[in-house]
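So the structure is just underneath, and the comments pick up after that.
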There are 2 protein chains.
Amino acid sequence: MALQETMKALSNPVRREILMMLKTGAKPAGDIAQYFELSQATISAHLSLLKHADLIREQKYKNYIYYELNLSVFEEATLWLKGLTNEK
Amino acid sequence: MALQETMKALSNPVRREILMMLKTGAKPAGDIAQYFELSQATISAHLSLLKHADLIREQKYKNYIYYELNLSVFEEATLWLKGLTNEK
DNA sequence: CATCTATTTAGAAATTTAACGAAATAGATT
DNA sequence: AATCTATTTCGTTAAATTTCTAAATAGATG
């Protein structure tokens with residue numbers, strides 16, 4: 001089930017912050033890494049996980065790999081939470 | 001930050017299922033444990049984590065400890081997701 | 001085509017998480 | 001008070017996660 005991957009991906013604060021960064025638009029991996037006090041490799045691993053969870057997509061341009069939000073997949077997580085809080 | 005605890009708690013499938021179980025009303029720990037093929041001790045640990053994340057509350061009655069959803073805290077998680085999906 | 005540059009992959013260490021059985025606790029019930 | 005019952009706590013183990021450095025790759029650029 002995809003929900004598990006989504007929730008797992010969202011459970012890490014670095015990954016959540018990456019997602020927040022991408023709210024304002026696609027960014028190359030290097031820009032993202034620079035923002036954190038973590039190695040490029042570590043950020044790359046987080047990006048890979050987010051990508052596998054389908055929360056972000058990559059798009060190559062020139063020498064760079066731009067990452068951008070894939071909003072549609074958040075729906076499922078939102079719905080799960082709603083299902084809990086709403087209807088009786 | 002509370003969001004971290006909330007997200008961490010929600011990242012585990014057993015804990016999410018426990019929350020779903022509690023949708024229909026408060027249940028004693030034993031009833032919850034019986035539903036899973038996991039030891040009482042393991043379920044107790046999950047309940048403890050959910051309690052610390054403030055997603056559930058306990059309520060003692062007779063010999064039992066009933067657990068129930070504490071819906072208000074889900075709001076924060078919902079809002080975080082909304083903040084991501086809604087307007088830039 | 002040789003070499004930068006951006007990024008990923010590999011391998012390893014440290015930490016966290018999830019699980020168990022056994023022992024402890026706390027509250028009813030007899 | 002003694003005992004039963006529901007649940008937690010303890011100590012341990014196995015697996016997963018997060019991080020690092022170093023090496024590999026893949027595309028531009030000169």
Side-chain angles (χ1 to χ4, degrees), chain A residues 1-22 24-70 77, chain B residues 1-22 24-70 77:
Chain A
M1 188 195 254
L3 182 64
Q4 174 54 21
E5 286 203 301
T6 304
M7 291 306 209
K8 203 81 194 170
L10 295 179
S11 74
N12 180 285
V14 172
R15 288 194 292 268
R16 283 201 308 278
E17 201 159 351
I18 289 174
L19 294 172
M20 291 307 281
M21 284 185 75
L22 296 181
T24 55
K27 287 183 183 49
D31 280 21
I32 298 169
Q34 230 171 353
Y35 187 82
F36 296 92
E37 290 180 343
L38 293 169
S39 75
Q40 182 89 245
T42 295
I43 296 301
S44 183
H46 282 305
L47 289 170
S48 169
L49 198 151
L50 286 168
K51 191 171 60 183
H52 277 106
D54 211 23
L55 295 177
I56 61 176
R57 277 180 305 224
E58 67 180 36
Q59 183 188 346
K60 283 167 192 173
Y61 174 67
K62 276 191 166 177
N63 221 4
Y64 306 90
I65 301 177
Y66 280 79
Y67 285 98
E68 62 184 354
L69 287 182
N70 180 17
Chain B
M1 192 199 252
L3 182 63
Q4 175 53 23
E5 287 204 301
T6 305
M7 292 306 209
K8 203 81 194 169
L10 294 179
S11 74
N12 180 285
V14 171
R15 288 194 291 269
R16 284 201 308 279
E17 203 162 353
I18 289 174
L19 294 172
M20 291 307 281
M21 283 185 76
L22 296 182
T24 55
K27 287 185 182 49
D31 280 22
I32 298 169
Q34 228 170 355
Y35 186 82
F36 296 91
E37 290 179 343
L38 294 170
S39 75
Q40 184 87 247
T42 295
I43 295 302
S44 182
H46 282 305
L47 289 171
S48 169
L49 199 150
L50 286 168
K51 191 171 59 183
H52 279 106
D54 210 24
L55 295 176
I56 61 176
R57 278 181 305 226
E58 68 180 37
Q59 183 188 346
K60 284 168 193 175
Y61 175 67
K62 277 191 165 178
N63 220 5
Y64 306 90
I65 301 178
Y66 280 79
Y67 285 97
E68 62 184 354
L69 287 182
N70 179 19

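Just so you know, these numbers come straight off a predicted model, no measurement behind them. Numbers restart at 1 for each chain; the letters A, B, ... are given by sequence-line order, proteins then strands. Scope of the values below: all heavy atoms of this structure, side chains included, with no hydrogens, waters or symmetry mates.
- Among the nucleotides C/dA6, D/dT29, D/dT7, the one closest to the side chain of A/Lys62 is D/dT29.
- Although no hydrogens or angles enter the test, the distance criterion places a donor-acceptor pair under 3.5 Å between the side chain of B/Gln4 and the main chain of A/Ser11.
- Taking the nucleotide of DNA chain D with the nearest heavy atom to each of B/Ala29 and A/Leu49, the more 5' of the two is matched to B/Ala29.
- For the pair B/Arg16 CZ and C/dT17 C1', the interatomic distance rounds to 15 Å; values are reported in whole Å.
- In the set D/dT18, C/dA19, D/dT8, C/dA19 carries the atom at the smallest distance from any side-chain atom of B/Leu38.
- Between A/Lys51 atom NZ and C/dT7 atom C1' there is a gap of 10 Å when expressed in whole angstrom units.
- The separation between A/Ile43 atom CD1 and D/dT18 atom C1' is 11 Å, rounded to whole Å.
- With the nearest nucleotide of DNA chain D identified for both A/Glu37 and B/Ala45, B/Ala45 has the one nearer the 5' end.
- Going from atom NZ of A/Lys60 over to atom C1' of C/dT8 covers 10 Å, rounded to whole Å.
- Rounded to the nearest 0.5 angstrom, A/His46 NE2 and A/Ile43 CD1 are separated by 5.5 Å.
- Residue B/His46 contributes atom NE2, which lies 6 Å from atom P of C/dA18 at whole-angstrom precision.
- Here the straight-line distance linking atom CD1 of B/Ile56 with atom CD1 of B/Ile32 works out to 6.5 Å at 0.5 Å rounding.
- For B/Asn63, the listed nucleotide lying nearest its side chain is C/dA28; candidates were D/dT18, C/dA28, D/dT19.
- Within 4.0 Å of B/Lys8, counting heavy atoms only, lie sugar-phosphate atoms of the nucleic acid but no base atom.
- Mapping B/Arg15 and A/Tyr67 onto DNA chain C by nearest heavy atom places A/Tyr67 at the nucleotide closer to the 5' end.
- Within the structure, every side-chain polar atom (N or O) of A/Ser44 is placed at least 4.0 Å from both OP1 and OP2 of C/dT7.
- Listed nucleotides C/dC20, D/dT8, C/dT8 differ in distance to B/Ser39; the shortest reach to its side chain belongs to C/dC20.
- Side-chain proximity of B/Ile65 to the nucleotides D/dT19, C/dT8, D/dT7 is greatest for D/dT7.
- Atom-to-atom, CZ of B/Phe36 to P of C/dA18 comes out at 13 Å; the value is rounded to the nearest Å.
- Within a 6.0 Å radius of CZ in B/Phe36, other residues, nucleotides and ligands contribute more than 12 heavy atoms.
- Note: OH (A/Tyr66) to P (C/dT8) measures 14 Å, nearest angstrom.
- Closest to the A/Tyr64 side chain, of the nucleotides D/dT21, C/dA6, C/dA19, is C/dA6.
- As a whole-Å value, the separation of A/Glu5 CD from D/dT17 P is 11 Å.
- The number of heavy-atom neighbours closer than 6.0 Å to CD of A/Glu68, taken from other residues, nucleotides and ligands shown, is above 12.
- Residue B/Ala41 is classed as a base contact, given a heavy-atom separation below 4.0 Å to a base.
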